[in-house]
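Nothing fancy with the numbering, it's 1 onward along the sequence. Keep in mind it's a predicted model, so treat the numbers as computed, not measured.
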Amino acid sequence: MAHRIAVVALDDVATLDLGTPGQIFWAARDAAGEHLYEVVTCSIGGAPVRTGGGYSILPDHGLEVLATADTVLVPGVHSGTVLERGVIPAELREALQGHRRIMSICTGAYVLAAAGLLDGRPATTHWRDADRFRALFPRVRLDPDVLFVDDGDVLTSAGVAAGLDLCLHVVRRDHGVEVANRTARRCVMAPWREGGQAQFIERPLPPATGPSTAATRAWMLEHLDEPLDLAALARHSRMSVRTFTRRFRQETALSPAQWLIQQRVEHARHLLESSDLPVDQVARRAGFGTAVSLRQHLNAAVGVSPLAYRQTFRGSV
């Protein structure tokens, strides 16, 4: 029997968010071509729902269909009391409780948080909504830098295209890489996307009111294969550790350690793509020291091992 996914459409729903689960999960099929998922859409009272695209939809179901779902998914919304005050109707809050798996795309995380489903848990949402989200839901461990968060039975994603990433991740988790890759090909999308939301954030440089960490960042790039501790970086920049850390985050929106790992991963990827160096040598040249460390960091960044990554780009290992 196909896994049933119930999508909850709320007023002023984000149009791509609403269509994403129907497309990705519809495309997920087994080797015989049989559908692995059934997607149904509902609204409060089965009422028509306005979309952000300037038209309305009429879902086939009311919230009662959630009781039959294996997974519940809440797309993002552009307006409403959930974004303004962190409040949802009591009947929706009750209907969202007790499900085996629940997901959100973009600002759909507000709905899950308003239902109390994210308290004390890691989650993400669109980077532009991070500050407002934190103010409304301080008990949620928000990470606005990632494309999605998989916390087992609760999964959240960033905005728009990140919903595609999350749905494909669920296919991969449920049925394995082969099915996920076949689904991605059918949808003409990449099997995975590297990086996080940080690459998309509008981040103008702060006013030049003091020393910059730019020269130290350039120096770090030339010494990725060496131990680079925070004290040494602060000394190079001629700042205190505290000042260096604060200035670094202002200029990059990352901690020195996060930025360094990101650059080392990028260098390792370059070496894997452009050289025949053994993986342990790639690890040393990128500053990870061991192949095990490289494998852990590369897998966290792009979801594959060094050998699999090289095979993707070079066709052989």
Side-chain angles (χ1 to χ4, degrees), residues 122 124 141 143-152 155 157-158 162 165-166 168-173 176-178 180-181 184 189-201 213-214 216-237 241 244-245 248-249 251-317:
T124 193
R141 291 156 46 201
D143 183 354
D145 293 330
V146 297
L147 294 177
F148 60 83
V149 172
D150 180 345
D151 195 37
L155 302 92
S157 81
D165 298 314
L166 177 61
L168 191 59
H169 166 75
V170 168
V171 173
R172 185 181 299 110
R173 195 178 94 169
V177 172
E178 183 178 351
N181 288 349
M189 62 180 289
W192 65 82
R193 278 198 302 161
E194 66 273 13
Q197 292 194 75
Q199 61 190 306
F200 304 110
I201 296 174
T213 65
T216 299
R217 294 200 305 274
W219 179 80
M220 292 165 71
L221 291 175
E222 296 175 356
H223 297 82
L224 290 176
D225 59 337
E226 301 175 13
L228 297 173
D229 60 67
L230 189 56
L233 298 176
R235 283 196 301 273
H236 183 275
S237 67
V241 168
F244 175 77
T245 302
F248 198 101
R249 189 176 286 277
E251 294 176 354
T252 69
L254 298 170
S255 71
Q258 289 171 329
W259 188 88
L260 181 59
I261 289 173
Q262 188 178 86
Q263 302 310 312
R264 283 174 165 162
V265 167
E266 289 303 308
H267 187 49
R269 291 173 60 189
H270 171 72
L271 293 174
L272 289 169
E273 293 174 28
S274 62
S275 78
D276 295 315
L277 291 171
V279 171
D280 57 348
Q281 289 189 33
V282 171
R284 288 195 295 272
R285 292 195 183 191
F288 288 115
T290 67
V292 171
S293 179
L294 170 59
R295 186 178 305 111
Q296 291 172 340
H297 285 96
L298 189 66
N299 189 68
V302 301
V304 295
S305 69
L307 289 177
Y309 185 87
R310 172 171 277 168
Q311 185 176 32
T312 298
F313 283 90
R314 308 194 66 194
S316 65
V317 295

Working to the nearest 0.5 angstrom, can you tell me the gap between [X] [atom1] and [Y] [atom2]?
| X | Y | atom1 | atom2 | result |
| --- | --- | --- | --- | --- |
| Asp280 | Arg285 | CG | CZ | 11.0 Å |
| Tyr309 | Leu294 | OH | CG | 11.5 Å |
| Arg284 | Leu271 | CZ | CG | 12.0 Å |
| Met220 | Phe248 | CE | CZ | 4.5 Å |

Are any non-hydrogen side-chain atoms of [X] and [Y] less than 4.5 angstrom apart?
| X | Y | value |
| --- | --- | --- |
| Asp151 | Arg141 | no |
| Ser237 | Arg217 | no |
| Leu224 | Leu260 | yes |

Arg173: side chain to side chain donor-acceptor pair (under 3.5 Å) partners, not counting sequence neighbours =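 With sequence neighbours excluded, Arg173 shows a side chain to side chain donor-acceptor pair (under 3.5 Å) to Asp150, given in chain and number order.
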Qualifying residues under side chain to side chain donor-acceptor pair (under 3.5 Å), relative to Thr216, sequence neighbours excluded =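 His236.
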Only counting residues at least two apart or in another chain, list the ones meeting side-chain contact (heavy atoms from CB on, under 4.5 Å) with [X].
| X | answer |
| --- | --- |
| Leu230 | Val241, Phe244, Thr245, Pro256 |
| Glu178 | Arg182 |
| Arg235 | Ala231, Ala232 |
| Gln258 | Arg249, Leu254, Ser255 |

Could you tell me which non-hydrogen atom of [X] sits nearest to which non-hydrogen atom of [Y], and how far apart they are?
| X | Y | result |
| --- | --- | --- |
| Val171 | Ala180 | CG1-CA, 3.9 Å |
| Ser157 | Ala162 | CB-O, 3.7 Å |
| Ala301 | Val265 | CB-CG1, 3.9 Å |

Counting distance only, does the side-chain N/O of Arg310 pair as donor-acceptor with the main-chain N or O of Leu272 below 3.5 Å?
->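 Such a contact is found between Arg310 side chain and Leu272 backbone.
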Can any side-chain N or O of Thr124 pair as donor or acceptor with the backbone N or O of Asp143 at less than 3.5 Å?
-> yes
Please list all pairs passing the side chain to side chain donor-acceptor pair (under 3.5 Å) test where one or both residues lie in residues 218-228, with sequence neighbours left out.
-> Trp219-His223
For His267, check ring pair (Phe, Tyr, Trp, His ring centres under 6.0 Å) against everything at least two apart and list the hits.
-> none
Listed partners of Phe288 passing ring pair (Phe, Tyr, Trp, His ring centres under 6.0 Å), at least two apart =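 Partners of Phe288 under the ring pair (Phe, Tyr, Trp, His ring centres under 6.0 Å) test: His297.
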With Asp229 via salt bridge (Lys or Arg N to Asp or Glu O under 4.0 Å) - residues at least two apart |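 Counting only residues at least two positions away or on another chain, Asp229 forms no salt bridge (Lys or Arg N to Asp or Glu O under 4.0 Å).
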Evaluate the criterion side chain to side chain contact (heavy atoms under 4.5 Å, CB included) for residue pair Thr252 and Gln262; output intermediate values, then yes/no.
-> CA-CA 12 Å; Thr252 69; Gln262 188 178 86; over 6 Å; no
